[in-house]
2 protein chains.
Amino acid sequence: MSSGRGRDAHPAPTLEMVAAAAGVSRATVSRVVNAAPNVSDAIAEAVNEAILKLNYVPNRAARSLVSRRTQVIALVVPETTAKLFSDPFFATVVQGVALYLSDTDFTLNMLIASEMRSDKTRRYLLGGNADGALVVSHHEGDHSYDRLDLSLPIVYGGRPLLESESESYFVDVDNVAGAAEATEHLIATGRRSIATIAGPQDMPPGFDRLRGWRRAMDSAGLPAALVEYGDFTPDSGAEAMRRLLDRGEPIDGLFAANDQMAAGAYSVILERGLRIPHDIAVAGFDNNYFGSTAVPALTTIDQPSLELGRTMAEVLVRRIEGKPVDRVTMMPTSLVVRASTAPRDA
Amino acid sequence: MSSGRGRDAHPAPTLEMVAAAAGVSRATVSRVVNAAPNVSDAIAEAVNEAILKLNYVPNRAARSLVSRRTQVIALVVPETTAKLFSDPFFATVVQGVALYLSDTDFTLNMLIASEMRSDKTRRYLLGGNADGALVVSHHEGDHSYDRLDLSLPIVYGGRPLLESESESYFVDVDNVAGAAEATEHLIATGRRSIATIAGPQDMPPGFDRLRGWRRAMDSAGLPAALVEYGDFTPDSGAEAMRRLLDRGEPIDGLFAANDQMAAGAYSVILERGLRIPHDIAVAGFDNNYFGSTAVPALTTIDQPSLELGRTMAEVLVRRIEGKPVDRVTMMPTSLVVRASTAPRDA
DNA sequence: GTGAAAGCGCTAACAA
DNA sequence: TTGTTAGCGCTTTCAC
């Protein structure tokens, strides 16, 4: 079994061949191809005809070599994310990026960055293989590529852990506002003793969502004391819920920092003979299948992951093209109301 | 707010600079970089030292221009798939591809192919922008890029609808064997009246999984008559289950052609007051969250999606490098036994 | 084993 | 408005 029939079957027409066919110089063809302003219509037409006839496609390598632009955007993905292929959030962000770029002249290059070969990624980026890079830091706040930004523009997904220490460009979801909205919704349905299962405080989403819950509780004049922490896994959510209930204080509402932990909390609530939403109304964050397939379906905060990716790409392209862009872009979240926060007597 | 600080901050060292630093000619540096056999150890060492000191990285554009190789592999994704970001299967395949390529010198280029701009994709591929292409046809059997294979090697995910009409290289999952295994498992747990909810018969997975069910039933001497069709959505699974039960014939086992349809069937089974697995044991196919989060958890057939992607990439790289490869590669599936097929009295 | 020189296909001054 | 010319950084005969 042989293979690779070689691109030599099709001896790829060159600019020179087009020039010959159209009876003009290579420079003129180049001008037409690049839509330069100063070409007479008659000549342009003749050239375009030749291009069509020969089925000419410019050679990117040659173009990049002289123009110093690759028309490539690198998407850096941490290997851990790649292995944890159970993450719909990540996949959606990537698709948003790809979708946006498909309407531009840029091409998307996916790089898997592992700790082991981290310099391979750096070298690739520094080697002039891309005009810019997108780093999907998976909301962990890792902006360790910051230094590279001196050599090529970088845009992160998710804010850095310490904003003050970074000058990086990033696009993020407004976690504080989202968490506040979920909590306000709980309050609006008549709940007063609202607990929260927070995420890790060394991750921006964990930290910000707790802040949002606090803000809403404070604004409503309710005590923000019922807090337990988890690590975003269902199991940790279950354990946090157990600790919460073991405090012996009344709880009629719960905001979990993500849907997975809410799902974990569900099992404990039911196991204790309590009903959702009758005894405890529950809201989550993320809007993924853990919430949508739960029974009762979980009220949650939707993150615009597709838009997040799209926006990251847009910000990067603007930077590359030298157009003005804000260093930080926040994407709005939206509340998805489902059965888990239904009013008690509806 | 400005931007793109230009790669000129770092004036990217060239081969020429390395040559100067090492006191040799550019040709020699090139030989060292490309690990040519005929370079004396002493010189090679000196060159490597210079490379390290200058932090030299070869310019791909220049290299591609002369070598006629791009070291790029294109991944063509249909836009519908990109929009339907709810598909973990697809995301995992892509990650498998990326993971494999990260250990090679190839780089992954994602292309979104829409019907509207389909020639953009073709032109890209024909324009010598990639050394080969991977087409994730999402198991729909669409091998419409077949003609391109004359100009550059292409490997598909999923077999073509009509094998006879295509000479394409592809990697697929053994749907027939998987479906048969699930059905045999049902039989082994003592079920005899086993129905199936099949997928669309114009899609290879739909067609093949029905064949697998039939094969298992025939081998066991059981009648293969209880068949209804769905379109792989949960709703269609629910309706098919309804039709199945409305036939009035006894059913004690069900093989659904995917987990989503199994989930749909679950709701109807429970709604009719039947118990899973006591009255009806259920098995699905895909092993995604529809099955793992269902109650009771669904026995299903696992597809090695990560491996599928990895293998597609491997087959393509072998073709590009002119090494022998089989035109068709089948990946094995595996049975995941869960509560939905537990023996009646266990 | 090493160097000199030509050229891959294109763009961008500069001339005309 | 169009053509001429000189490279971009690399690989690759061909001499030595």
Check: B:Arg159 side chain, B:Leu161 main-chain N or O, donor-acceptor pair, under 3.5 Å |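 Checked: pair present.
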With a non-hydrogen cut-off below 4.0 angstrom, is [X] in contact with a base, only sugar-phosphate, or nothing?
X       : answer
B:Val33 : nothing
B:Ser67 : nothing
A:Asn38 : base

Closest-nucleotide ordering on DNA chain C, the 5'-leading residue of B:Leu65 and B:Ala44 =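 It is B:Ala44 whose nearest nucleotide is closer to the 5' end.
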B:Thr28 or A:Arg26: which one's nearest nucleotide on DNA chain C is closer to the 5' end?
->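 Upstream on the strand: B:Thr28.
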Look at the side chain of A:Arg31 and the base of D:dG3, then say whether one donor and one acceptor between them are separated by less than 3.5 Å.
->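 Pair found.
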Any N or O donor-acceptor pair linking the side chain of B:Arg60 to the base of D:dG9 at under 3.5 Å?
->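 Answer is no: no donor-acceptor pair is held.
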Return the nearest nucleotide to the side chain of [X]; candidates are [options].
X       : options               : answer
B:Ile43 : D:dG9, C:dA12, C:dT2  : C:dT2
B:Ser40 : D:dC8, C:dG1, D:dT11  : C:dG1
B:Asn34 : D:dT11, C:dT11, D:dT2 : D:dT11

Using distance alone, with no hydrogens and no angle criterion, decide if B:Tyr156 and B:Asp149 have a side-chain donor and acceptor under 3.5 Å apart.
->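 Result is no, nothing qualifies.
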How sharply is the helix from C:dG1-D:dC16 to C:dA16-D:dT1 bent, taking the axes over five pairs at either end and rounding to 10 degrees?
->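 About 30° separates the two local helix axes.
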Drop me the distance from B:Leu65's CG to B:Asn59's CG, to the nearest 0.5 angstrom.
->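 Rounded to the nearest 0.5 Å, the CG-CG separation comes to 10.0 Å.
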Establish, with yes or no, whether the OP1 or OP2 oxygen of C:dT2 is under 4.0 angstrom from a side-chain nitrogen or oxygen of B:Ser25.
->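 Answer is no, no contact under 4.0 Å.
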Please determine if a side-chain N or O atom of B:Asn59 lies less than 4.0 Å away from the OP1 or OP2 oxygen of D:dC8.
->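 Checking B:Asn59 against D:dC8: no side-chain N or O falls below 4.0 Å of OP1 or OP2.
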